[in-house]
Number of protein chains: 2
Amino acid sequence: MAETEACSPVPGLAATAAVAPVQVVLAALADPVRLEMVRRMAAAPGRTERCAALYDDIGKSTASHHFKVLREAGLTERTSVGGVLHQRLCLDAVEAALPGLLPSVLSGLD
Amino acid sequence: MAETEACSPVPGLAATAAVAPVQVVLAALADPVRLEMVRRMAAAPGRTERCAALYDDIGKSTASHHFKVLREAGLTERTSVGGVLHQRLCLDAVEAALPGLLPSVLSGLD
DNA sequence: CAACAAGTTCGATCGCGATCGAACCCACGG
DNA sequence: CCGTGGGTTCGATCGCGATCGAACTTGTTG
């Protein structure tokens, strides 16, 4: 807490918070659950998706934890769509900070 | 042991073993020590460097462990240069499997 | 051939992160 | 104005991975 982090509780459109150091981004993407979340957002229209649509077989609290990690890595942000909370993938911001990384990871058909 | 892994003890030039799934590659790069190792190899001429030149403040056994992780992720391979063991970064193989990833990660001046 | 240097393997320890359940918050809809 | 659904926070547990030291392997050199 008391971080410089943009912890604003859904300020509408939080103007793309800064992307964290590579190390943090890599750690965030290294988890299978989170990578899947990122993939689903990337596939969604507007890179935005309902929280519940981003996971399948884990508890709500665990999912929320992963959301937080992704957010703190600067990969995603919160958005409110008609009163319903959504997670949005900051494609452009990440692409600007680490060009080529996301496309590469997302196309990883390994 | 008894894996399908190319555990060949320095066969001269192990013809670029296959790059592991994205998930594994990301996990390998997520560790600060390993990322630094990769950076040093990338900066070395021919992407090849003596093992001892790749780390600073950790034990030999720990370093060896990290070499193994990198190797099993398909990021590096062993080479023998005049009887001295070296680690070589498989730039081209990784670039072929995950184009843009390494350049992006290596230039991460975050 | 014997000694040594450089990596690897093995076994054990330790801390961090993934996970869960319960309690809490907040925005809507009756 | 109170109930309900969807996320978040909190506290505790558990397993995996990072680390180390010691023993082993191998290849080079005196």
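Keep in mind it's a predicted model, so treat the numbers as computed, not measured. Throughout, a chain's letter reflects where its sequence line sits, starting with A, and its residues are numbered from 1.
Of the two residues near DNA chain D, B/Val69 and B/Ser61, the one whose nearest nucleotide lies more 5' is B/Val69.
In terms of the side-chain contact (heavy atoms from CB on, under 4.5 Å) criterion, residue partners of B/Ala44 (sequence neighbours excluded) are, by chain and number, B/Glu49. Every residue two or more places apart in sequence or in another chain that forms a side chain to side chain donor-acceptor pair (under 3.5 Å) with A/Asp56 is listed here: A/Arg40. Legend: residues meeting side-chain contact (heavy atoms from CB on, under 4.5 Å) with B/Pro32, ordered by chain and number and at least two apart, are A/Gln23. Scored by the side-chain contact (heavy atoms from CB on, under 4.5 Å) test, A/Ala42 finds A/Leu89, A/Leu106 as partners (sequence neighbours excluded). Partners of A/Ala96 according to the side-chain contact (heavy atoms from CB on, under 4.5 Å) rule, which considers only residues two or more places apart in sequence or in another chain, do not exist here. Residues satisfying the side chain to side chain donor-acceptor pair (under 3.5 Å) test with A/His66, not counting sequence neighbours, are A/Arg34.
For A/Lys68, the side-chain atoms get nearest to D/dT9 when compared with the rest of D/dT9, C/dT8, C/dA18. Among the nucleotides C/dT8, C/dA18, D/dT8, the one closest to the side chain of A/Asp31 is C/dA18. When distances run from any side-chain atom of A/Thr62 to the nucleotides C/dA18, D/dG7, C/dC20, the shortest one goes to C/dC20.
Look at NE2 on B/His65: it is 13 Å from C1' on C/dT9, rounded to the nearest Å. The nearest whole Å value for the distance from the NZ atom in A/Lys60 to the C1' atom in C/dG21 is 11 Å. The distance from atom CG of A/Leu85 to atom C1' of D/dG5 is 13 Å, rounded to the nearest whole Å.
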What does the list of N/O pairs under 3.5 Å between the protein and nucleotides 25-30 of chain D look like, with a distance for each?
none

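Residues from residues 32-59 of chain A with heavy atoms under 4.0 angstrom of DNA chain C, sorted by number: A/Val33, A/Arg34, A/Ile58, A/Gly59.
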